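Report on the structure given below.
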There are 2 protein chains.
Amino acid sequence: MDDRPAERNGCPDCPIEGRVRLSPENHRFGLDRFKTGEIDLGAGAGIVLEGAREPNLFALARGVAFRHKSLADGRRQILGYAFPGDFLGLRGALLGEMQHSIDAMSAVRLCVFDRAGLLRMFATDPGAAYAVVRRAAKDESILDENLLSIGRRTALESAAYLLALLHQRARPAGLAPEGRFAFPLTQQHVADTLGLSIVHINRTLKRLAELELIAWLDRGCVIRDEAGLLDLAGWTGLGEAFHQVG
Amino acid sequence: MDDRPAERNGCPDCPIEGRVRLSPENHRFGLDRFKTGEIDLGAGAGIVLEGAREPNLFALARGVAFRHKSLADGRRQILGYAFPGDFLGLRGALLGEMQHSIDAMSAVRLCVFDRAGLLRMFATDPGAAYAVVRRAAKDESILDENLLSIGRRTALESAAYLLALLHQRARPAGLAPEGRFAFPLTQQHVADTLGLSIVHINRTLKRLAELELIAWLDRGCVIRDEAGLLDLAGWTGLGEAFHQVG
DNA sequence: CGACGTGTTGAGTGTGATCAACATCTGTGG
DNA sequence: CCACAGATGTTGATCACACTCAACACGTCG
């Protein structure tokens, strides 16, 4: 397994390739062998719209995005967050239609793979396909914990869980220097993730700050005591395995 | 594509094969080529325990099961339900450890595939692997709607959503003759799925019954007006594509 | 028979929602 | 430079949806 990045088509230091181990051949040519394009978007931009026929699979190369869906009267639920190296819209590529929207939270760079490319990957590089599915399984394992949080944790426990989770995901990506989130997370985001009102979230975050577990700055959060948050939430964290390649 | 079931190793009328299109060769030999065993369990039996190292992938051949996880003090959250043809523990097989428990709700029959078999399937039958992943993606797409329900719908809307969902999943499997669920769903199940107390669920179900949308019998539910439930929940249902093969 | 699981109902409580007002800060246009 | 709108955050007052505690009815099963 030689590693001469100079020989690759492009995408040096790709965060996706850093998390998906490819076959030797694809490692040489890069995951971009299956890539059909690249997109840069500003903060707040919509990436995918609920209900759209979206045959593309995206990989988040830079920035933070979030998936969400809404009821007819506007009540919104945030389903999850994506960090560099995550895939977006795998389900859409597999099933043809997106059942949720995706928005860019910060400025983002997306790599685009079309549906045909995904099929080709399954046929020609089973190892890469397996790795992509494994990666997707990791991302989706968080959904279960979110469900537990919204359903059974109190507002305080739930907020503690979410902020600890975001910290654990942001830190390895370099997006939480000194505990400070490097992306504009608003209290509205937190409220829509936990299924609570923004007023109640404001008071809950204040309590977390009084407990010296976090601090809330303008459009951002500082994690002061992750262990304390985990303890309060009754959660063990993502675990070592989550961040390992493959 | 000949279909001579007599030539197959076993598993006639397998509900999994009915939903996953295999390559001609595997179609002939059956999905059981990758199968390592078969398990029959009674109602209420535990299938997988949270935290267990479970390298097996299961396919539910008969019956109904549910996934759940709990907080330290016993608060329980049901994450989802599995019907015949669904895969269970795909994430566990991919990642090595189960982060949730699975219990049999009725008597069930499980087909067992080990981790190695899954790997072999990726390598030797990309089409089957793609189909399995597609099938899993469909099952998991329900998680998003559950999250929206628990987070943003009122108790009445949420209960209407859940009962409509279960009906839409049970009916094609023949588990809802005349709208009557053929598996023992208790009000405790409903409460733990929606993150509500059992007392409140009891009153909510009573309201749904007064609206003539459902009726509640002993350990079971009768759907009287699915369209009314969907309308109340503000949900369009699973859609045709969900039940299609492939 | 008693124990247990399930379903039902009443009464009192509380977490979290709603309504409302205001403080900042940003960007925009006059 | 100011006026203004919009997004975000903050706080108080009131309300209600859902929780807790409690008791009881009914069935099954040992």
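Chain letters run A, B, ... following the sequence lines, proteins first, then strands; residues in each count from 1. Everything numeric in this text was worked out from a predicted model, so none of it was measured.
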Using whole Å, what does the distance between atom P of nucleotide dG16(C) and atom CZ of R152(B) come to? 13 Å
Can you tell me how far P of dG7(C) sits from CH2 of W216(B), to the nearest Å? 6 Å
So G44(A), base contact, sugar-phosphate only, or nothing? Heavy-atom distance under 4.0 Å. nothing
Short question: side chain of Q77(A), backbone of T193(A) - any donor-acceptor pair under 3.5 Å? yes
Listed nucleotide nearest any side-chain atom of T186(A), set dA17(C), dG7(C), dG9(D): dG9(D)
Could you report the tightest heavy-atom contact between P184(B) and S106(B), atom names first, then the distance? CD-CB, 4.3 Å
Looking only at non-hydrogen atoms, find the nearest pair between H100(A) and H68(A) and report the distance. CB-O, 3.5 Å
Check each residue of residues 198-213 of chain B for a non-hydrogen atom within less than 4.0 Å of any atom in DNA chain C, then write out the ones that pass by number, or none. V199(B), N202(B), R203(B), K206(B)
For dG5(C), take OP1 and OP2 only and decide whether either is under 4.0 Å from a side-chain N or O of Q187(B). no
Can you measure L217(B) atom CG to dG27(D) atom P for me and round it to whole angstrom units? 13 Å
Closest non-hydrogen atoms of E50(A) and S70(A), given as atom of the first, atom of the second and distance, are OE1-N, 3.6 Å
Give me the atom names and distance for the closest heavy-atom approach of D144(B) to K69(A). O-CD, 4.2 Å
Using whole Å, what does the distance between atom C1' of nucleotide dG16(C) and atom CG of L194(A) come to? 13 Å
Return the value, rounded to whole Å, for the distance between atom CG of D73(B) and atom P of dC19(D). 15 Å
Taking all atoms of both residues into account, what is the closest heavy-atom pair of F87(A) and D139(A), and its distance? N-OD2, 4.0 Å
Here the distance between atom P of dT10(D) and atom CD of Q188(A), to the nearest Å, is 14 Å
First encountered from the 5' end of DNA chain C, between L196(A) and D218(A): L196(A)
By nearest heavy atom, map R219(A) and T154(A) onto DNA chain C; which one lands nearer the 5' end? T154(A)
Remember a base hit wins even if backbone is also touched, and classify G195(B) as base, sugar-phosphate or nothing at under 4.0 Å, heavy atoms. sugar-phosphate
Taking the basic N atoms (NZ, or NE/NH1/NH2) and the acidic carboxylate oxygens, is any pair closer than 4.0 Å for R203(A) and E210(A)? no
How long is the line joining CD1 of I150(A) and C1' of dT15(C), in whole Å? 17 Å
